[in-house]
Amino acid sequence: LPERAEFHALLARALLIQGKTDKAEEMFDKSIALASQPAEYMVHAATMFEQAGDADRANELFREALNAQPGSGKKHNEFAEIYLDRKDYGQALKLLKQANSLQPGNATILFNLSQAQFEIRNHDAAVEKLRETLKATPFHLGAQMYLGLIFKKDGNLEEATELLAEVIRHEPEKLDMHLHLAEARVGLGQFDKAESGYRHVMKQAPDKIEAVLGLAWSLAIRADTTPEEQAEAMALAEKALDGTGGNSAIALDVLAAACAASGRFGEARTYANHAISIAKNMGNTDLAKAIAERRVLYTESKPYRLPVYQGE
């Protein structure tokens, strides 16, 4: 074999795939010894061992790479990405903070920092790092996507729709993003745009229950709903309920709203009661409370309605 680092690394990778760990390690050691930049080959070897399930050897190699280049933010970030994949967010965060101090303003490091903060439910810190990511790289789609999802979860629907729409403009194949955007638009009363989004997803994936439920919900609760839309909402909600085996609190809630929209308040109360029971049994007290509030309207023979956004 030629005395070149890359050839030994390629052979090591092939041996590792074949399960010949000892031979692979020997070849990786040779590649590191021959390399003009050994830390790069240490990281490469560590990644291969991680993929092969040998976390201990991967850790050793990453630490050797860090010792070889202690001032490299890139190496700290690469090691942190391994911990992110392992869902060890505490260790990842420690390494990423070091990486950020060594290489401030790097969009990749900042984005990874935001992911670690998000996963430990530190949303404020995650938002801060996502904003810094976008300041460093204004068109970072990953940052736009996660920031949009956080804003949607926190009720900041205007900014959420702007960011999610930008993600979809660049990556229209992301059907889940279409669903999130449509849901945010329903919250803003932008029903026509929301329904267009749901129908787009249903065209691409006809059995996507989330899209069926979302469209049914939008048609049922918009303040200007028509009899035709009410009938479609009923049909869609019944289809979704069948698709979930009849035991989905969300599907029952949507069907209750569709019944109420059509003036069938007795059925609406029945479905709402069933939905509340299932939600409570699942420990989802927030959902149970929301459905109970809508049930009060049905008891008063009133449908649940949201106003239509007048700025469209």
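Predicted, not measured: the structure shown is a model, and the values here were computed from it.
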(message) Can you list, by chain and residue number, the hydrophobic cluster partners of Leu188 when the side-chain cut-off is 4.5 Å?
(response)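 Answer for Leu188: Leu157.
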Count I, L, V, M, F, W, Y as connected when their side-chain heavy atoms are under 4.5 Å apart, and connections chain through other members. Are [X] and [Y] then in the same cluster?
X: Leu306; Y: Ile291; value: yes
X: Tyr83; Y: Tyr89; value: no
X: Leu213; Y: Met202; value: yes
X: Trp217; Y: Val308; value: yes
X: Leu130; Y: Val167; value: yes

When you measure from the side chain of [X] to the backbone of [Y], do you find a donor-acceptor pair of N or O atoms at a distance under 3.5 Å?
X: Arg295; Y: Ala290; answer: no
X: Ser114; Y: Phe111; answer: yes
X: Thr225; Y: Leu219; answer: yes
X: His178; Y: Ile168; answer: no
X: Thr161; Y: Glu158; answer: yes
X: Asn106; Y: Thr108; answer: yes
X: Thr137; Y: His140; answer: no
X: Thr133; Y: Lys129; answer: yes
X: His274; Y: Thr270; answer: no
X: Asn67; Y: Arg63; answer: yes

(request) Name all pairs fulfilling the side chain to side chain donor-acceptor pair (under 3.5 Å) condition that reach into residues 239-257, sequence neighbours left out, sorted by first residue then second. (result)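 Output for this query lists Asp253-Arg294.
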Sub-4.5 Å side-chain heavy-atom contact between [X] and [Y]:
X: Lys208; Y: Asp176; answer: yes
X: Phe62; Y: Thr47; answer: yes
X: Met145; Y: Glu171; answer: no
X: Leu149; Y: Leu164; answer: yes
X: Leu147; Y: Val127; answer: yes
X: Val186; Y: Ile221; answer: yes
X: Leu113; Y: Lys97; answer: yes
X: Glu238; Y: Leu255; answer: yes

Which value, rounded to the nearest 0.5 Å, describes the distance between [X] atom [atom1] and [Y] atom [atom2]?
X: Asp124; Y: Glu128; atom1: CG; atom2: CD; value: 9.0 Å
X: Met282; Y: Ser277; atom1: CE; atom2: OG; value: 11.5 Å
X: Leu175; Y: Lys203; atom1: CG; atom2: NZ; value: 12.5 Å
X: Met177; Y: His180; atom1: CE; atom2: NE2; value: 4.5 Å
X: Leu95; Y: Glu78; atom1: CG; atom2: CD; value: 11.5 Å
X: His8; Y: Asp29; atom1: NE2; atom2: CG; value: 11.0 Å

Shortest non-hydrogen contact between [X] and [Y], atoms and distance:
X: Leu236; Y: Ala216; value: CB-CB, 3.7 Å
X: Gln144; Y: Pro138; value: NE2-O, 3.5 Å
X: Ala275; Y: Leu252; value: CB-CB, 3.6 Å
X: Tyr198; Y: Glu210; value: CE2-O, 4.3 Å
X: Ala260; Y: Pro303; value: O-CB, 3.7 Å
X: Ala257; Y: Tyr298; value: CA-OH, 3.5 Å

(message) Show, in sequence, the C-alpha distance, side-chain angles and deciding distance for Asp88 and Gln91, and conclude whether the side chain to side chain donor-acceptor pair (under 3.5 Å) test is met.
(response) CA-CA 6 Å; Asp88 187 343; Gln91 286 293 333; 5.2 Å; no
Flag if over 12 foreign heavy atoms under 6.0 Å of [atom1], [X]:
X: Arg13; atom1: CZ; value: no
X: Tyr146; atom1: OH; value: no
X: Lys152; atom1: NZ; value: yes
X: Ile250; atom1: CD1; value: no

(request) Determine, stepwise, if the pair Met42 / Phe28 fulfils side chain to side chain contact (heavy atoms under 4.5 Å, CB included). (result) CA-CA 8 Å; Met42 291 174 189; Phe28 274 129; over 6 Å; no
Could you pull out every donor-acceptor pair under 3.5 Å between side chains of residues 19-26 and any protein atom, sequence neighbours left out?
| from | atom 1 | to | atom 2 | distance (Å) |
| --- | --- | --- | --- | --- |
| Lys20 | NZ | Gln18 | OE1 | 3.3 |
| Glu25 | OE2 | Arg57 | NE | 2.7 |
| Glu25 | OE2 | Arg57 | NH2 | 3.3 |

(message) Please evaluate residues Phe265 and Thr299 with respect to the criterion side chain to side chain contact (heavy atoms under 4.5 Å, CB included), reporting the C-alpha separation (whole Å), side-chain torsions for both, the decisive distance (0.1 Å), and the verdict.
(response) CA-CA 7 Å; Phe265 296 107; Thr299 301; over 6 Å; no
(message) Can you tell whether the side chains of Arg222 and Asp224 come within less than 4.0 Å, N to carboxylate O?
(response)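 Between Asp224 and Arg222 there is a salt bridge, with a charged N closer than 4.0 Å to a carboxylate O.
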(request) Please check if the distance between the ring centroids of Phe118 and His123 is under 6.0 Å. (result)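 Ring centres of His123 and Phe118 closer than 6.0 Å.
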(request) Establish, from distance only, whether the side-chain atoms of Glu166 and His170 form a donor-acceptor pair under 3.5 Å. (result)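 Checked: Glu166/His170 side chains pair up, N/O donor to acceptor below 3.5 Å.
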(request) For side chain to side chain contact (heavy atoms under 4.5 Å, CB included), just list the numbers for Cys259 and Met234, CA-CA rounded to whole Å, side-chain angles, deciding distance to a tenth of an Å, and then say yes or no. (result) CA-CA 7 Å; Cys259 286; Met234 280 289 300; 3.7 Å; yes
